[in-house]
Number of protein chains: 2
Amino acid sequence: MQTSTRERIVVATARLLQRQGYVGTGIKQIAKESQATLGSIYHFFPGGKEAVAVAAIRHGDQEFAALLKESLDSEPDPAEAVLSCTRELAAGLKESGWVDGCPVTAAALETLGVESDLQQACADALNGWERLVRDKLLGCGFAADDARELATTVISAIEGAEVTAQVNRSEEPLLAVGRQLARLIRSYGIDPPRR
Amino acid sequence: MQTSTRERIVVATARLLQRQGYVGTGIKQIAKESQATLGSIYHFFPGGKEAVAVAAIRHGDQEFAALLKESLDSEPDPAEAVLSCTRELAAGLKESGWVDGCPVTAAALETLGVESDLQQACADALNGWERLVRDKLLGCGFAADDARELATTVISAIEGAEVTAQVNRSEEPLLAVGRQLARLIRSYGIDPPRR
DNA sequence: TCCCGACTAGAACGAACGCTCTATCTAGTG
DNA sequence: CACTAGATAGAGCGTTCGTTCTAGTCGGGA
């Protein structure tokens, strides 16, 4: 067996969570989709459904962080980097038939009322992504306050643009937001570092 | 009876939807919360749960559109108008204990896979809000293309900022995004119309 | 007075939910 | 070979889901 049963469960759950949320995803559906059985799931995750979801959210977190980091590292100019990131997200979203959106938003919104590990995992993911953007901006010479506000704006706007793109089944919202974010970053008039 | 049973059902459902999404909200919970009975709900909404949800989404749509329109009309300068809007949203979010977020996002994300009236209602809401912003910008002398892209960005960013604010239980993301959006709008260098 | 449509009320149904339980299989160790 | 911990397998538990159904209440026109 190439991939462990545990890993198959986590990956399948991550995909299901981003498509139909936490409440909409059943343990038995996870079992079927991951080619595992109920016994296996409860063996690896004695915490039940929520424990599986937490692991899946963390998986989606790392996956998106890797994509984001790759985009940010590929371009020295932060404005270009954000553009490249939105382009990549738009392409991926279209390819999935507009269903594979942000891996944490759906789950996060459903578990807001209750204090849970799941909610914490979602918050950690969002804040981690924001930190990646902030560090990039700091490395390009932005002031600390500007970098922080811009990072929050970039992540929030991308988050919202992904939802808008999904609902309208169109790449345009993501691309338009990418262009405007690039303009906003450039408006600070900081020269991009040359390689 | 001051408010009709039908209205109570719609209002209660709208609040439940924005807090816990579509799948997470049960018909019986709607009945309890709205002081109605199952019979009443199915009497007014023969289409069942989805029909109730569609009416509730449309209600939330109009409610938010009214708030948005009020913010936009209160300030002649579009940048100031967006700032005022994010401030108002931040205050409302905090007051609700970070649970009453965007009325359609949660429901929209859960019903992406299937072609449904509910999904259409969510798309209509988002596009309607975007149009409000676009018309404001057009009225201020923005070029058609700029107004369209900016409107998409404003709505998407606010949408995402609201999620970020909820997850972090903080007003700051909404306020920061508001400031950056104002800066972006001003970067076009178009003089705000004087009253 | 009767009646009828609008509305209220909640018992009951089959399906699906998360989870527990026992049983079986498998790989590694003595 | 026997033994055991790890992993797999799924029947079945109690509960809740959305929906259907029958029964009852009530005000106003014939």
Side-chain angles (χ1 to χ4, degrees), chain A residues 1-57 106-107 109-111 113-119 121, chain B residues 1-57 106-107 109-111 113-119 121:
Chain A
M1 192 183 313
Q2 298 137 328
T3 61
S4 70
T5 301
R6 192 197 145 95
E7 194 181 339
R8 284 204 319 275
I9 294 172
V10 171
V11 172
T13 307
R15 200 179 55 237
L16 290 172
L17 280 187
Q18 85 181 149
R19 292 189 183 185
Q20 42 190 26
Y22 179 67
V23 212
T25 301
I27 281 272
K28 283 167 187 172
Q29 188 183 11
I30 293 174
K32 186 181 294 181
E33 209 75 20
S34 62
Q35 310 259 54
T37 61
L38 272 181
S40 302
I41 295 179
Y42 280 93
H43 170 75
F44 288 111
F45 301 95
K49 182 182 176 178
E50 187 181 331
V52 182
V54 169
I57 290 291
L109 282 177
E110 288 175 316
T111 57
V114 288
E115 193 85 17
S116 65
D117 293 347
L118 186 54
Q119 208 252 329
Chain B
M1 189 185 314
Q2 295 139 330
T3 62
S4 69
T5 301
R6 192 197 146 97
E7 194 181 339
R8 285 205 319 275
I9 294 171
V10 171
V11 172
T13 306
R15 201 179 55 237
L16 290 172
L17 280 187
Q18 85 181 146
R19 292 189 182 185
Q20 42 191 26
Y22 179 68
V23 218
T25 301
I27 282 271
K28 284 164 187 172
Q29 188 184 11
I30 293 174
K32 185 181 295 180
E33 208 76 20
S34 63
Q35 310 260 53
T37 61
L38 276 179
S40 303
I41 295 179
Y42 279 94
H43 170 74
F44 288 111
F45 301 96
K49 182 181 177 179
E50 187 181 331
V52 181
V54 168
I57 290 290
L109 283 177
E110 290 175 316
T111 57
V114 288
E115 193 87 20
S116 65
D117 293 346
L118 186 55
Q119 208 254 329

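These numbers were taken from a predicted model, which means no experiment stands behind them. Proteins get letters first, then strands, A, B, ... in listed order; numbering begins at 1 in each.
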To the nearest angstrom, how far is Ile30(B) atom CD1 from dT19(D) atom C1'?
13 Å

Using a 4.5 Å cut-off on heavy atoms from C-beta on, say whether the side chain of Thr5(A) contacts that of Arg8(A).
yes

Rounded to the nearest angstrom, tell me the gap between atom NZ in Lys49(A) and atom P in dA16(C).
15 Å

Indicate every side-chain donor-acceptor pair of residues 29-36 of chain A with a distance under 3.5 Å to a residue at least two apart or in another chain.
| unit_1 | atom_1 | unit_2 | atom_2 | d |
| --- | --- | --- | --- | --- |
| Gln29(A) | OE1 | Gln20(A) | NE2 | 2.7 |
| Ser34(A) | OG | Ile30(A) | O | 2.7 |

Pick the nucleotide of DNA chain C nearest each of Pro46(A) and Gln29(A); which residue has the one closer to the 5' end?
Gln29(A)

Side-chain atoms of Leu38(A) come closest, of dT20(D), dC17(D), dA11(D), to dA11(D)

Using atom NZ of Lys32(A) as one end and atom P of dG10(D) as the other, report the distance to the nearest whole Å.
12 Å

Does dA7(D) have OP1 or OP2 sitting under 4.0 Å from an N or O in the side chain of Thr37(A)?
no

As a test of reading the structure: which of dT19(D), dT8(D), dC19(C) is closest to the side chain of Ile27(B), going by heavy atoms?
dT19(D)

Interatomic distance where CD belongs to Gln35(B) and P belongs to dC7(C) [whole Å]:
19 Å

Rounding to 0.5 Å, atoms CZ (Arg19(B)) and CG (Leu17(B)) come to a distance of 11.5 Å

For atom CG of Leu16(B) and atom P of dG18(D), their distance in whole Å:
12 Å

Using a cut-off of strictly less than 4.0 Å, decide whether Ser40(B) has a side-chain nitrogen or oxygen near OP1 or OP2 of dA9(C).
no

Rounded to whole Å, how long is the line connecting atom OH of Tyr42(A) with atom P of dA9(D)?
17 Å

In a table with atom names and distances, give each donor-acceptor pair under 3.5 Å that connects a side chain of residues 39-53 of chain B to protein atoms at least two apart or in another chain.
| unit_1 | atom_1 | unit_2 | atom_2 | d |
| --- | --- | --- | --- | --- |
| Ser40(B) | OG | Thr37(B) | OG1 | 3.2 |
| Lys49(B) | NZ | Tyr22(B) | O | 3.0 |
| Lys49(B) | NZ | Thr25(B) | O | 2.9 |
| Glu50(B) | OE2 | Asp117(B) | N | 3.3 |

Would one find a side-chain N or O of His43(A) under 4.0 angstrom from OP1 or OP2 of dA7(D)?
yes

Shortest non-hydrogen contact from Gly24(A) toward Val23(B)
CA-CG1, 4.0 Å

Check every atom of dG18(D), dA7(D), dA11(C) against the side chain of Phe44(A) and return the nucleotide holding the closest atom.
dA7(D)

Give one of base, sugar-phosphate or nothing for Gly39(B), where a contact means two heavy atoms less than 4.0 Å apart.
base

Expressed in angstrom and rounded to an integer, what is the separation of Lys28(B) atom NZ from dA9(C) atom P?
17 Å

